[in-house]
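Remarks on the structure that follows.
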Protein chains: 2
Amino acid sequence: MVRLSKRVEYGLIALRHIASQRGAEIVTAKEISDKYGIPFDLLAKVLQRLSKAGVIVSHQGVRGGYSLALDPRAVQVSTIIHAIEGTTPVIAQCMSDGPASCEVFDVCTIKSPLTKVQANIERAFMSMTLAEIV
Amino acid sequence: MVRLSKRVEYGLIALRHIASQRGAEIVTAKEISDKYGIPFDLLAKVLQRLSKAGVIVSHQGVRGGYSLALDPRAVQVSTIIHAIEGTTPVIAQCMSDGPASCEVFDVCTIKSPLTKVQANIERAFMSMTLAEIV
DNA sequence: CTCAAATCGGACTTAAACAGTCGTATATAG
DNA sequence: CTATATACGACTGTTTAAGTCCGATTTGAG
Ligand code: SF4
Ligand code: SF4
């Protein structure tokens with residue numbers, strides 16, 4: 001419960017690796033996969049999503065790979081999570097899927113208190129940037 | 001990802017209900033189950049765990065039920081979660097299950113940065129008490 | 001031009017966690 | 001005694017995450 005998915009962890013490791021390259025050099029998925037023992041197919045999809053979200057840029061074809069697209073200081077962990085998962089991490093179902101998603105929504109007495117916890121969680125993920133991981 | 005389990009939500013709702021009773025009155029699981037539309041069997045087990053953890057006290061037999069055991073201001077959300085789940089919410093597997101639990105532990109470059117995020121998450125759950133939910 | 005190296009993207013299978021249910025035992029007020 | 005309530009474990013079904021597979025596309029290099 002309240003655990004980062006492997007996808008996100010792999011994404012963070014990969015991003016750190018790419019960001020640590022001097023001068024925007026291109027890194028291939030295989031290179032990262034080998035170095036960290038991450039399943040290639042899985043990592044590939046993570047990188048594709050990060051690419052689609054504009055966090056990294058992809059270079060197709062021979063001698064292709066990935067390079068950073070943004071200043072590491074501008075990339076928050078929450079942005080990375082959203083890029084990979086497609087959603088923002090939320091603590092309660094109704095916060096992301098709406099009132100209809102929860103049977104007890106109407107009589108639920110903990111919605112508003114949980115909102116405060118949620119705000120703190122969000123801050124936790126926003127307060128760290130890629131620059132602090134490298 | 002990063003979502004509270006239903007058990008915890010049900011537990012919070014139940015605790016809020018019990019805590020809102022004036023003068024440590026006894027409340028039955030059925031009463032709560034009916035009022036909030038929570039599956040009885042599931043709620044029962046949650047209350048049993050809270051009882052075992054000493055957050056509430058159980059009264060068996062006819063006219064039995066549950067009542068608060070502690071000052072609501074002394075019951076943190078993190079305590080409630082631990083009572084119900086048996087574990088503390090952690091962001092990464094290796095933090096709870098040890099180094100051996102993760103294949104990439106040895107080469108993982110994000111362990112220590114994530115520790116800081118973890119600390120913030122913990123604060124989020126500790127900073128709210130049952131008193132603030134009632 | 002051809003080929004190999006790389007990203008792209010969806011479908012699929014497997015494994016684990018979660019939500020919910022069932023059955024039975026135990027305690028106790030009246 | 002008996003109805004009411006908690007106690008506890010085993011079980012099933014659903015959902016989500018992890019990982020795999022296959023084919024398509026792009027493109028630098030020979
Ligand atoms: S309504 Fe209450 S119980 Fe349902 S998801 Fe939102 S917070 Fe959780
Ligand atoms: S070692 Fe790294 S990847 Fe493995 S669980 Fe810990 S943080 Fe996540």
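The chains referred to below are lettered A, B, ... by the order of the sequence lines, with proteins before strands, and numbering in each begins at 1. Below, all heavy atoms of this structure are taken into account, side chains as well, without hydrogens, waters or symmetry copies.
Salt bridge A:K45/A:D41: absent, no basic N to carboxylate O contact under 4.0 Å.
For the pair A:Y66 and C:dC8, the criterion of a side-chain N or O lying under 4.0 Å from OP1 or OP2 is met. Taking side-chain N and O atoms only, A:S5 has no distance below 4.0 Å to OP1 or OP2 of D:dT16. For C:dC8, the OP1/OP2 oxygens have a side-chain nitrogen or oxygen of A:S58 closer than 4.0 Å. Contact between the side-chain N/O atoms of A:Y10 and the OP1/OP2 oxygens of D:dA18 is not found at any separation under 4.0 Å.
At distances below 3.5 Å, at least one donor-acceptor pair connects side-chain atoms of A:E132 with backbone N or O atoms of A:T129. Of the possible polar contacts, none joining the B:Q93 side chain to the B:C102 backbone as a donor-acceptor pair under 3.5 Å is found. Here the side chain of A:T79 pairs no donor or acceptor atom with the backbone of A:V75 at under 3.5 angstrom. Checked by atom type and distance alone, the side chain of A:S33 pairs as donor or acceptor with a backbone atom of A:I38 at under 3.5 Å.
For B:Q48 and D:dA7, a side-chain-to-base donor-acceptor distance below 3.5 Å is present, hydrogens and geometry of angles not being considered.
Mapped onto DNA chain D by nearest heavy atom, A:R63 and A:R7 fall at different nucleotides, with A:R7 at the one closer to the 5' end. For the pair B:P39 and B:G61, both in contact range of DNA chain C, the more 5′-proximal nearest nucleotide belongs to B:P39. Between A:V62 and B:K52, the one whose closest nucleotide on DNA chain D sits nearer the 5' end is B:K52.
Checking C:dT7, D:dG19, D:dT6 against every side-chain atom of A:L42, the shortest atom distance belongs to D:dG19. With C:dT21, C:dT28, C:dC18 as the choices, the nucleotide that has an atom nearest any side-chain atom of B:K45 turns out to be C:dT21.
As a whole-Å value, the separation of B:E9 CD from C:dC18 C1' is 13 Å. Regarding A:M1, its CE atom lies at a distance of 17 Å from the C1' atom of D:dA17, rounded to whole Å. We find that CZ of A:R49 is positioned 11 Å from C1' of D:dA17, with the value rounded to whole Å. The interatomic distance linking A:D41 (CG) with D:dC22 (C1') rounds to 10 Å, in whole Å. Following rounding to the nearest Å, B:I26 (CD1) and C:dA27 (C1') show an atom-to-atom distance of 14 Å. Separating the NZ atom of A:K6 from the C1' atom of D:dA18 is a distance of 10 Å, rounded to the nearest angstrom. Note: CG (B:D34) to P (D:dA5) measures 11 Å, nearest angstrom. One can place CG of A:L43 at 15 Å from C1' of C:dG9, the figure rounded to the nearest angstrom.
Among the protein residues, A:A29 comes within range of the sugar-phosphate backbone only, with heavy atoms under 4.0 Å from sugar or phosphate atoms but none that close to a base.
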